[in-house]
Amino acid sequence: MIMQDSRVIFEAFNDGLCSLCVIDDDGNPGMERERLRYQERTVGVRRHYEAMTAKVQVDRLIRVPFRDWLTSEYLVVIGGEVYEIGQVQVIPDSLPKCNDLSLRLIRQRRI
């Protein structure tokens with residue numbers, strides 16, 4: 001008999017599509033690497049104040065399916081707005097395995 005861990009969370013990515021783009025020479029979204037479904041997450045009070053302490057802004061937090069190549073060297077485009085990835089966190093106790101992306105809106109850049 002196989003026992004399953006009751007702490008495993010099953011994820012659904014029902015909130016929309018985001019494009020992960022390479023940063024071009026001008027700092028704009030370049031070639032699209034991949035388009036992924038995402039789930040909106042709440043930027044908690046603790047995360048918000050820790051980011052403020054580090055002088056970092058977190059405008060949005062999304063969860064996407066795990067990609068081992070995903071780093072802060074990509075831009076995320078959601079609904080024509082461009083975001084920088086501030087941090088990529090691996091969420092190992094979810095099915096499927098996921099990444100949380102802390103995003104900062106780049107106000108000068110729009111698609």
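Values below: all heavy atoms of this structure, side chains included; hydrogens, waters and symmetry mates excluded.
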query: Say you draw a straight line from CD of Q87 to OG1 of T71; how long is it, rounded to the nearest 0.5 Å?
result: 12.5 Å

Contact summary for D59 and L105, nearest pair of heavy atoms: OD2-N, 2.7 Å

message: Counting C-beta onward and ignoring hydrogens, is there a side-chain heavy-atom pair between L75 and E84 closer than 4.5 Å?
response: yes

task: Please name the pair of heavy atoms, one in S72 and one in I85, separated by the smallest distance, quoted to 0.1 Å.
output: CB-O, 3.3 Å

- request: Rounded to the nearest 0.5 Å, what's the gap from CG on L70 to CG on N99? Could you check?
  value: 5.0 Å

- prompt: Using a side-chain heavy atom cutoff under 4.5 Å and only I, L, V, M, F, W and Y, what cluster partners does V90 have?
  reply: F66

Would you mind writing out the side-chain donor-acceptor pairs for residues 13-24 within the sub-3.5 Å range, not counting sequence neighbours?
unit_1: D15; atom_1: OD2; unit_2: E40; atom_2: N; d: 2.6
unit_1: S19; atom_1: OG; unit_2: E32; atom_2: OE2; d: 2.7
unit_1: D24; atom_1: OD1; unit_2: D26; atom_2: N; d: 3.0
unit_1: D24; atom_1: OD1; unit_2: G27; atom_2: N; d: 3.0
unit_1: D24; atom_1: OD1; unit_2: N28; atom_2: N; d: 2.7

task: List the steps, then state whether side-chain contact (heavy atoms from CB on, under 4.5 Å) holds for I78 with R60.
output: CA-CA 11 Å; I78 300 173; R60 199 169 195 175; 3.5 Å; yes

message: For Q39, give me all partners under side-chain hydrogen bond (donor to acceptor under 3.5 Å, both in side chains), at least two apart in sequence or on another chain.
response: none

- prompt: In chain order, what residues pass the side-chain hydrogen bond (donor to acceptor under 3.5 Å, both in side chains) check against R37, with sequence neighbours excluded?
  reply: none

Gap separating the SG atom of C98 from the CZ atom of R67, nearest 0.5 angstrom: 10.0 Å

message: If you apply the rule side-chain contact (heavy atoms from CB on, under 4.5 Å), what do you find for T42 with L61, and how did you get there?
response: CA-CA 6 Å; T42 302; L61 181 65; over 6 Å; no

message: Under the rule for side-chain hydrogen bond (donor to acceptor under 3.5 Å, both in side chains), what residues qualify as partners of R41, not counting sequence neighbours?
response: none

query: Under the salt bridge (Lys or Arg N to Asp or Glu O under 4.0 Å) test, which residues partner R63, sequence neighbours left out?
result: E11, D100

task: Show the numbers, then the answer: is there a side-chain contact (heavy atoms from CB on, under 4.5 Å) between R33 and W69?
output: CA-CA 10 Å; R33 169 86 189 250; W69 52 264; 3.3 Å; yes

